[in-house]
Amino acid sequence: MPLNVDVMVFDSGVGGLSVLEAIRSRLPDLSYCFVGDNAGLPYGDKSESWLVQRVPQVIDCALAEVQCKILVVACNTASTIVLPPLRAKFTFPVIGVVPAIKPAAQLSQKKIIGLLATPATVKRDYTDALIAEFAADCQVIKLGSSRLVTIAEEKMRGIPPDREELKLILAPFAAALPDVVVLGCTHFPLLRQEISEILTDTVWIDSGAAIAQRVAHFAIHPSDLSKSGDGAAFFTASDISLESLKPFGLTNLSFLKI
Ligand code: DGL
């Protein structure tokens, strides 16, 4: 018998934990499970056709173990591509995440904003459309990095980020000095402390609170939702420890055979 949880949060790796944290702090009474496709990481270097095939496959595999009432695709790189097929496939709500371009443009005084995301996200037509719609009055500095994804993954494994390497990666922002930078990859809030020490006058915006708000919109009848199965994590590769997941309220770790 599969477990039942209220919310399943999915990402390529540990990045989605930043989203899980935001949702849980807003809705602490719901039950959660986390699914990470770390065998497929990084998604930011993968083709669209690969993602369209892979993501539903991993989610199907997870749903054989645990059923959910709401699915959150806590990955910008996948969301812009796989939300339509997932929404067509499942009857429960599927919530995605897109870079927070609109609030960043509204907040920017200088009208120079940064987008820090994966190489795939910065190239997507979807991202260009968001910029055209919500940030037409801003200069947008786009910076795509898969290495930052790896650095966030390493941090979760106890390897501290190298400040000099972070400085090099962020150099385009140090030159253009955007006053607001969008963290357009869910891995990057996990590095917020380190990157804020490098660019001290920058406001970093992520989508965690907006997603939590969206989940709250669907989870309007908490009495219908059960807490059984709270805290289960499923990953596709074994290079992750339960210890690193415990601070995110995950107390069970299993591996999906895919
Ligand atoms: N965390 C994911 C995102 O928000 C992608 C990281 C990756 O696998 O490249 O885009």
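Read the numbers this way: they start at 1 and go in the same order the structure lists the ligands and their atoms. The analysis underlying the following values was restricted to heavy atoms, covering all of them including side chains, and did not include hydrogens, waters or symmetry mates.
Protein heavy atom closest to atom 9 (O) of ligand 1, with residue, atom name and distance, is Gly44 N, 2.8 Å. Ranking protein heavy atoms by distance to atom 7 (C) of ligand 1, first place goes to Tyr43 N, 3.2 Å. Here the protein heavy atom with the shortest distance to atom 10 (O) of ligand 1 is Thr77 OG1, 2.5 Å.
For the pair Asp11 (side chain) and Gly36 (backbone), a donor-acceptor distance under 3.5 Å is absent. Distance alone, capped at 3.5 Å, is enough to place a donor-acceptor pair between the Thr127 side chain and the Thr121 backbone. For Thr150 (side chain) and Ser146 (main-chain N/O), a donor-acceptor pair under 3.5 Å exists by modelled atom type. With hydrogens and angles ignored, the 3.5 Å screen pairs no side-chain donor or acceptor of Thr77 with any backbone N or O of Ala120.
Between Asp11 and ligand 1, an N or O atom pair is found at a separation short of 3.5 Å. Residue Cys75 has no nitrogen or oxygen atom sitting less than 3.5 Å from a nitrogen or oxygen atom of ligand 1, judged on distance alone. At under 3.5 Å, a nitrogen or oxygen of Thr186, whether backbone or side chain, sits near a nitrogen or oxygen of ligand 1. By the 3.5 Å distance cut-off applied to N or O atoms, Ser146 is not counted among the residues near ligand 1.
Ring planes of Trp50 and Tyr43: perpendicular class, angle over 60° (limits at 30 and 60°).
Less than 4.0 angstrom separates some heavy atom of Asn76 from each of these atoms of ligand 1: 3 (C), 4 (O), 10 (O). Counting the atoms of ligand 1 from 1 in the order shown, those under 4.0 Å from a heavy atom of Ser12 are 5 (C), 6 (C), 7 (C), 8 (O).
Under the 4.0 angstrom criterion for non-hydrogen atoms, Gly15 is not in contact with ligand 1. Residue Gly13 places every heavy atom at 4.0 Å or more from ligand 1.
If you look at Thr118 next to ligand 1, the close heavy atoms, those under 4.0 Å, all belong to the side chain.
Interatomic distance, OG of Ser244 versus CG of Leu253, reported as 8.0 Å (0.5 Å rounding).
Side-chain contact between Leu166 and Leu148 is present, with heavy atoms from C-beta onward closer than 4.5 Å. A heavy-atom distance below 4.5 Å is not found between the side chains of Ile70 and Leu30.
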